[in-house]
Protein chains: 2
Amino acid sequence: MKKPTIKDVARLAQVSVSTVSLVINEKTSVSEKTKTKIQIAIKELNYYPRRIARGLASHTTGNIGFILTDDHFSLVEPFYTKIFLGTEFEARKHNYYILLTTVPTKFDQKKSIPRFLLEKNVDAVIMAGRVPERLIEIIIEMELPVILVDYYNRRFKTAAVLIDNIEGAYQAVNHLIHSKHKKIGFIGGDLKHPSIADRYDGYKKALMDNNISLNKNFVVTHELNTSIPTGYNAMHEILKKGDWPTAIFAANDAMAIGCMKRLKEEKIRIPEQVAIIGFDDIDADIQIEPHLSSIRVKKEEMGAIAAKQVVTMIKNKKHISEKILAPTDLIVRASTKSNSNL
Amino acid sequence: MKKPTIKDVARLAQVSVSTVSLVINEKTSVSEKTKTKIQIAIKELNYYPRRIARGLASHTTGNIGFILTDDHFSLVEPFYTKIFLGTEFEARKHNYYILLTTVPTKFDQKKSIPRFLLEKNVDAVIMAGRVPERLIEIIIEMELPVILVDYYNRRFKTAAVLIDNIEGAYQAVNHLIHSKHKKIGFIGGDLKHPSIADRYDGYKKALMDNNISLNKNFVVTHELNTSIPTGYNAMHEILKKGDWPTAIFAANDAMAIGCMKRLKEEKIRIPEQVAIIGFDDIDADIQIEPHLSSIRVKKEEMGAIAAKQVVTMIKNKKHISEKILAPTDLIVRASTKSNSNL
DNA sequence: ATTTATTATCGAAACGTTTCGAAACATATT
DNA sequence: AATATGTTTCGAAACGTTTCGATAATAAAT
């Protein structure tokens with residue numbers, strides 16, 4: 001026997017098709033009596049409306065598009081994968097499915113527009129990571145609700161979910177201070193990078209709140225990037241100055257690892273002589289000796305927040321352009337365990 | 001200006017709507033002349049058919065459902081996540097989107113049927129891991145193409161993508177043999193587990209092919225599970241017998257790790273005195289000392305194969321019920337590096 | 001030149017809903 | 001009792017395609 005349609009329900013309940021539609025969509029203005037009559041018919045026939053038919057009639061798809069650039073996706077660190085999974089999970093709670101796609105970094109207006117946009121097959125779009133400006137523009141022109149995750153572009157007034165870099169850095173430095181450190185260095189690499197700048201601000205704020213004055217000898221922020229060698233060089237530079245800090249906050253784990261490398265060469269013990277904490281909580285943190293303390297970004301939560309936001313936009317037919325900061329977690333490992341705790 | 005429809009194209013090209021449809025769907029029996037005329041009109045108007053409209057008319061969705069149980073999904077090891085990503089990537093190549101969902105392990109016929117099935121919103125289904133039998137049944141009744149990944153149930157004659165356990169084990173043991181080992185142990189835990197049984201077969205086959213006779217003193221397969229303690233106990237048992245193997249193949253990495261633990265207690269050096277290789281290539285392999293050699297399963301490829309199979313089924317309107325074995329990779333790390341190679 | 005087979009195009013129905021304005025009904029107001 | 005007001009139900013159009021049987025145009029066979 002074929003799958004029943006709304007007509008079958010209407011017939012069985014002895015009402016019109018439109019009335020059945022009203023109760024399916026939980027519109028008011030249906031009397032209790034006919035409502036229950038219809039609900040019984042629905043149960044009886046085991047009826048469930050087809051997504052595609054309602055879609056055509058209501059200009060609605062039940063899908064949310066998720067876009068990231070191909071390079072972001074194939075990274076070793078599953079950063080964006082986790083964001084995606086967070087989105088996926090949250091969307092499902094609200095009865096939306098996620099259509100995932102990647103776009104080439106070298107975006108081509110003619111060829112790389114995601115199919116779900118051309119086919120009008122999504123009700124909103126979530127974009128993760130640095131994404132082509134032109135693409136953002138196109139989506140805005142389509143008047144779809146949009147939110148960016150872990151990226152922001154001031155040219156557009158879109159909503160965004162961003163890492164709370166200031167707060168995360170603050171947590172890291174605060175942790176060091178509570179472990180009785182007073183001479184705390186900062187290795188930032190490239191301060192032009194917006195998130196590094198924020199982390200530097202968090203560092204300074206933590207010091208200030210604890211009445212510790214900033215010692216420029218402990219700070220290196222003039223490099224060109226934020227890689228392992230950068231951390232290595234920065235540590236070297238600090239050591240050269242003679243006045244050694246007892247703890248280092250590196251603005252990411254890569255630099256923290258470079259930094260540890262240099263210290264090990266000098267046979268400086270971690271954390272006894274110099275404690276170290278990084279930022280990002282990458283997998284390598286527990287492969288290095290001693291295990292590296294770090295600040296963890298709640299990636300799944302970032303994705304979930306994004307989903308929640310676009311769902312609200314869809315429901316309210318009103319675009320939001322709020323920037324939301326996702327919380328961070330302090331992860332304490334051996335590299336900052338104070339002696340007294342060992 | 002509104003998005004153009006097929007009618008606009010027909011009007012501009014001075015043909016009927018149905019003819020336009022024919023060229024969109026690349027049906028034959030359209031003369032070259034009118035075909036190009038229509039194609040020009042399509043370009044001109046920047047027309048792209050709406051997925052949802054074609055869906056309603058053609059009883060087709062362009063979606064593939066991906067189902068796994070909730071417990072599988074939240075595992076620490078991102079095994080199924082990787083399978084999913086492989087599926088996703090391959091499906092996109094064929095112009096399908098994946099709708100992901102989880103079902104509760106304690107499946108409830110009334111409540112836990114995935115929404116995309118009720119809504120008739122997928123053209124085929126991929127299921128990963130051990131999935132409720134009743135659910136498989138339901139999907140088969142719907143006559144949707146199905147494939148199972150990393151699971152098989154003989155009650156149904158579905159297609160399946162499975163790990164090539166025999167070949168993987170063979171690779172592992174063969175590697176040990178080529179490293180000049182002749183006394184090779186097998187730690188299997190629970191032989192009732194089908195994949196363990198297969199790995200045991202691969203072990204025996206490798207020995208046989210190299211004219212090494214099986215020494216029962218080196219084999220432990222009578223435990224109840226396949227965990228770290230099992231590996232620990234098994235190693236203990238083997239050591240007690242006095243006749244020590246020079247290498248161990250553990251049927252999974254967890255047992256291999258337990259095994260290493262016991263050896264370390266005895267101050268037996270790995271790999272100098274006893275080499276060890278596991279199976280699964282879990283993350284922990286590179287957190288343990290020495291790093292554990294293992295057999296890697298190509299998870300993304302498993303997902304991709306599954307996608308490819310269901311797409312073929314959809315295209316050919318013909319169900320397949322073939323079992324496909326996914327290849328494995330030998331990953332050599334410190335735990336089996338022969339001395340000569342150091 | 002006429003009939004037959006083949007190819008190209010078309011018109012209209014169908015797919016299964018939602019939506020909108022009108023009709024029917026019920027209740028309150030005069 | 002008649003009118004106004006509010007609530008519930010309905011019929012029909014609309015959404016944008018595909019599909020199918022019929023017709024028109026062309027080529028092949030007699």
Side-chain angles (χ1 to χ4, degrees), chain A residues 1-39 41-42 45-63 95 115-116 118-121 123 314 317, chain B residues 1-39 41-42 45-63 95 115-116 118-121 123 314 317:
Chain A
M1 60 197 160
K2 252 186 90 11
K3 222 192 158 221
T5 75
I6 197 172
K7 276 185 196 166
D8 301 316
V9 176
R11 198 174 310 126
L12 181 59
Q14 315 221 56
V15 294
S16 77
V17 161
S18 28
T19 309
V20 177
S21 176
L22 290 179
V23 349
I24 291 173
N25 293 287
E26 296 178 321
K27 308 277 183 185
T28 52
S29 93
V30 177
S31 73
E32 277 306 316
K33 203 172 60 183
T34 61
K35 194 199 285 191
T36 53
K37 196 168 57 175
I38 291 172
Q39 283 165 338
I42 288 177
L45 294 175
N46 217 318
Y47 168 76
Y48 210 99
R50 289 165 186 66
R51 176 67 258 184
I52 274 210
R54 7 180 35 172
L56 184 57
S58 67
H59 301 284
T60 242
T61 68
N63 300 325
N95 281 349
R115 190 166 50 86
F116 57 57
L118 299 170
E119 288 182 336
K120 288 243 169 282
N121 201 11
D123 297 336
I314 295 171
K317 299 184 179 169
Chain B
M1 60 200 159
K2 250 185 94 10
K3 222 190 160 223
T5 74
I6 197 173
K7 276 186 197 167
D8 301 317
V9 176
R11 197 174 311 126
L12 181 60
Q14 314 221 57
V15 294
S16 77
V17 162
S18 29
T19 308
V20 178
S21 176
L22 290 178
V23 349
I24 291 172
N25 293 286
E26 297 178 320
K27 309 275 185 187
T28 52
S29 94
V30 177
S31 73
E32 277 307 316
K33 204 172 59 184
T34 62
K35 193 198 286 190
T36 54
K37 195 169 56 175
I38 291 173
Q39 283 165 338
I42 288 178
L45 293 175
N46 215 320
Y47 167 78
Y48 210 99
R50 288 164 186 67
R51 176 68 257 186
I52 275 209
R54 2 179 41 170
L56 183 57
S58 66
H59 301 285
T60 243
T61 69
N63 300 326
N95 281 348
R115 189 167 49 86
F116 57 57
L118 298 169
E119 288 182 336
K120 288 242 170 282
N121 201 12
D123 297 336
I314 296 171
K317 300 185 176 170

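In what follows, every chain begins at residue 1, and chains take the letters A, B, ... in the order their sequences are listed.
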Enumerate all atom pairs, one protein N or O and one N or O from nucleotides 11-14 of chain D, separated by less than 3.5 Å.
unit_1: D:dG11; atom_1: N7; unit_2: A:Ser18; atom_2: OG; d: 3.2
unit_1: D:dG11; atom_1: O6; unit_2: A:Ser18; atom_2: OG; d: 3.0

Measure from [atom1] on [X] to [atom2] on [N] and round the result to the nearest Å.
{"X": "B:Asn121", "N": "C:dG16", "atom1": "CG", "atom2": "P", "answer": "14 Å"}
{"X": "A:Arg11", "N": "D:dC10", "atom1": "CZ", "atom2": "C1'", "answer": "16 Å"}
{"X": "B:Lys27", "N": "C:dT7", "atom1": "NZ", "atom2": "P", "answer": "17 Å"}
{"X": "B:Lys120", "N": "C:dT17", "atom1": "NZ", "atom2": "C1'", "answer": "16 Å"}
{"X": "B:Glu119", "N": "C:dC15", "atom1": "CD", "atom2": "P", "answer": "20 Å"}
{"X": "A:Glu32", "N": "D:dT9", "atom1": "CD", "atom2": "C1'", "answer": "15 Å"}
{"X": "A:Leu45", "N": "C:dG16", "atom1": "CG", "atom2": "P", "answer": "14 Å"}

Does A:Lys120 use its side chain to pair, donor to acceptor, with the backbone of B:Tyr48 at less than 3.5 Å? no
Is a side-chain N or O of A:Lys3 found less than 3.5 angstrom from the main chain of B:Leu118, in a donor-acceptor match? yes
Hey, are the side chains of B:Ile38 and B:Ile42 touching, using non-hydrogen atoms and a 4.5 Å cut-off? yes
Any side-chain donor paired with an acceptor under 3.5 Å for A:Asp123 and A:Thr61? yes
When all nucleic acid strands are considered with a 4.0 Å heavy-atom cut-off, which category describes [X]: base, sugar-phosphate, or nothing?
{"X": "A:Ser29", "value": "base"}
{"X": "A:Thr5", "value": "sugar-phosphate"}
{"X": "A:Thr34", "value": "sugar-phosphate"}
{"X": "B:Ser21", "value": "base"}

Both B:Val30 and A:Ile52 contact DNA chain C. Taking the nearest nucleotide for each, which residue is further toward the 5' end? B:Val30
Go through [options] for me and flag the one nearest to the [X] side chain.
{"X": "A:Arg54", "options": "C:dT18, D:dC15, C:dG16", "result": "C:dT18"}
{"X": "A:His59", "options": "C:dT17, D:dC15, D:dT17", "result": "D:dC15"}
{"X": "A:Val15", "options": "D:dT18, D:dC10, D:dT8", "result": "D:dC10"}
{"X": "B:Ser58", "options": "D:dT19, D:dC15, C:dG16", "result": "D:dT19"}

Let me know which of B:Thr34, B:Val30, B:Ile6, B:Asn25 forms a side chain to side chain contact (heavy atoms under 4.5 Å, CB included) with B:Val20. B:Ile6
Could you write nucleotides 21-28 of chain D as a row of B, S and -, 5' to 3', where a protein heavy atom under 4.0 Å of any base atom gives B, of only sugar-phosphate atoms gives S, and otherwise -? --------
When the nearest nucleotide of DNA chain D is assigned to B:Leu22 and to A:Thr19 on a heavy-atom basis, which residue is associated with the more 5' position? A:Thr19
Apply side-chain contact (heavy atoms from CB on, under 4.5 Å) to A:Lys35 and A:Gln39, showing your working. CA-CA 6 Å; A:Lys35 194 199 285 191; A:Gln39 283 165 338; 3.8 Å; yes
Solution key, residues 7-14 of chain A side-chain donor-acceptor pairs under 3.5 Å, sequence neighbours excluded:
unit_1: A:Asp8; atom_1: OD1; unit_2: A:Arg11; atom_2: NH1; d: 3.3
unit_1: A:Asp8; atom_1: OD2; unit_2: A:Thr5; atom_2: N; d: 2.8

Measuring to OP1 and OP2 of D:dG16, would you say a side-chain N or O of B:Tyr48 lies under 4.0 angstrom away? no
Below the 4.0 Å mark, does D:dT7 have OP1 or OP2 next to a side-chain nitrogen or oxygen of A:Ser31? no
Might you point out which heavy atoms bring B:Arg51 and B:Ser58 nearest each other, and give the distance in Å? NH2-OG, 4.5 Å
